[in-house]
Number of protein chains: 2
Amino acid sequence: MIESEANSNALDVSKALRAAGLQVTAQRLAVYEAVRSMPHAIADDICQAVRGELGVISRQAVYDSLNAMSEYGIIRRIQPAGSAARYEDRVDNHHHLACRQCGEVVDINCAVGKAPCLVAEHDHGYDIDEAEVIYWGVCPTCQSISNRDD
Amino acid sequence: MIESEANSNALDVSKALRAAGLQVTAQRLAVYEAVRSMPHAIADDICQAVRGELGVISRQAVYDSLNAMSEYGIIRRIQPAGSAARYEDRVDNHHHLACRQCGEVVDINCAVGKAPCLVAEHDHGYDIDEAEVIYWGVCPTCQSISNRDD
DNA sequence: CCCAATTCTTTACACTGTCAAGAATTGGGA
DNA sequence: TCCCAATTCTTGACAGTGTAAAGAATTGGG
């Protein structure tokens, strides 16, 4: 890992945390680093990764960090059906493509331009703030495995 | 409840079950009826409702029924972030609108016509078969509660 | 450097859902 | 109608994900 890169990133996160009124802790920085290095990972994977980095961290601290940072938009939580919550450092407007077979998730830009799906046909009086879109399909790898089985 | 209506519906479900190669059981019919009468309910609610109807049913039978019927498109499962799976009898193409505060889910038609969101900008080699869209916001009831708190 | 507020650790627990084994039911065929 | 194999249901155990609560440790402003 390039030391300066990790540092500069850690600096940004520190700022973001402070801006959100959150304290800067080694646990939170490490959790953020883990999310950044393995986007779409689930909490358990992140816990493992952080333990490799810090030695020890409680499961609860990982959840607290993920929740706090999600709440303030420092990271983003996505929750595909049939999977535990996944986390990513990319917080701009984009959607996801999930494999029905292996569960892999990749980022995908919005289908029809900037944010068209935010305009629902009929809002039922709701105050809508987000359109979450998940495309479901089969990834190339799983396709080739299926073909091999034929 | 209008007896004939329930019967005719039960008949349809029986046909659908048989067409799917599934056996027709009192449990499955009751589970379907529960889903039909309370769309977007979670498994536990359905379990309660069916117990009110049949007297007893195991939790496992409810899950088996829901899974089997979902798999064959007799009902549809949706899984909003932060909630257990929800089930509905409406199986045509439509999306959902969920309240961030109370979790209520309502049906909503696709924003831009027939099924535009199915066309992802870049498919990453995936074989895409569905675009799942969930709009997130605050329902009218929760809006008024928030206003009352001010 | 100190202290209050926040965060982390530890432990317990709730909820959602699945697995496995044996009992009961369904439904096609004699 | 009865029988039997396949399917489904019941029961009990269990795994994974996430939260609650209480006390210890850390953070950061004064």
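Below, chains carry the letters A, B, ... as their sequence lines are ordered, and counting in each starts from 1.
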Expressed as a whole number of angstroms, how long is the span from [X]:[atom1] to [N]:[atom2]?
X       : N      : atom1 : atom2 : result
A:Arg86 : D:dG18 : CZ    : C1'   : 16 Å
A:Leu54 : C:dT7  : CG    : P     : 17 Å
B:Arg77 : C:dT18 : CZ    : C1'   : 12 Å
A:Asp44 : D:dT19 : CG    : P     : 14 Å
B:Leu22 : C:dG28 : CG    : C1'   : 16 Å
B:Ile42 : C:dG17 : CD1   : P     : 8 Å
A:Leu17 : C:dT6  : CG    : C1'   : 13 Å

Go through the structure and list residues passing side-chain hydrogen bond (donor to acceptor under 3.5 Å, both in side chains) with B:Arg86, not counting sequence neighbours.
-> B:Ser83

With [X] via side chain to side chain contact (heavy atoms under 4.5 Å, CB included) - residues at least two apart:
X       : value
B:Ser37 : none
B:Ala84 : B:Ile42
B:Val91 : B:Arg76
B:Arg18 : B:Ser14, B:Val24

So what is the end-to-end bend of the helix from C:dC1-D:dG30 to C:dA30-D:dT1, with 5 pairs used at each end and the value given to 10 degrees?
-> 30°

May I have all residue pairs that pass ring pair (Phe, Tyr, Trp, His ring centres under 6.0 Å) and include part of residues 35-89 of chain B, sequence neighbours excluded?
-> B:His40-B:His96

So, A:Arg28 and A:Asp64, do they make that salt bridge, N to O below 4.0 Å?
-> no

Please write out the pairs of protein N or O atoms and N or O atoms of nucleotides 22-25 of chain C separated by less than 3.5 Å, giving the distance to one decimal.
none

When B:Val24 and B:Ala85 are each assigned the nearest nucleotide of DNA chain C, the 5'-most assignment goes to B:Ala85

Give the other cluster members for A:Met38, using side-chain heavy-atom distances under 4.5 Å between Ile, Leu, Val, Met, Phe, Trp and Tyr residues; answer none if it is isolated.
-> none

Apart from B:Ile78 itself, members of its ILVMFWY cluster (side-chain separation under 4.5 Å) are B:Val105

Residues that B:Asp44 engages under salt bridge (Lys or Arg N to Asp or Glu O under 4.0 Å), provided they are two or more places apart = none

With a 4.0 Å cut-off on heavy atoms, is A:Ala26 in touch with a base, just the backbone sugar-phosphate, or nothing at all?
-> nothing

Strictly below 4.0 Å, heavy-atom distances to any atom of DNA chain C: list the hits from residues 56-73 of chain B, or just say none.
-> B:Arg59, B:Gln60, B:Tyr63, B:Asn67

Are the side chain of A:Arg77 and the backbone of A:Asn67 linked by a donor-acceptor contact shorter than 3.5 Å?
-> no

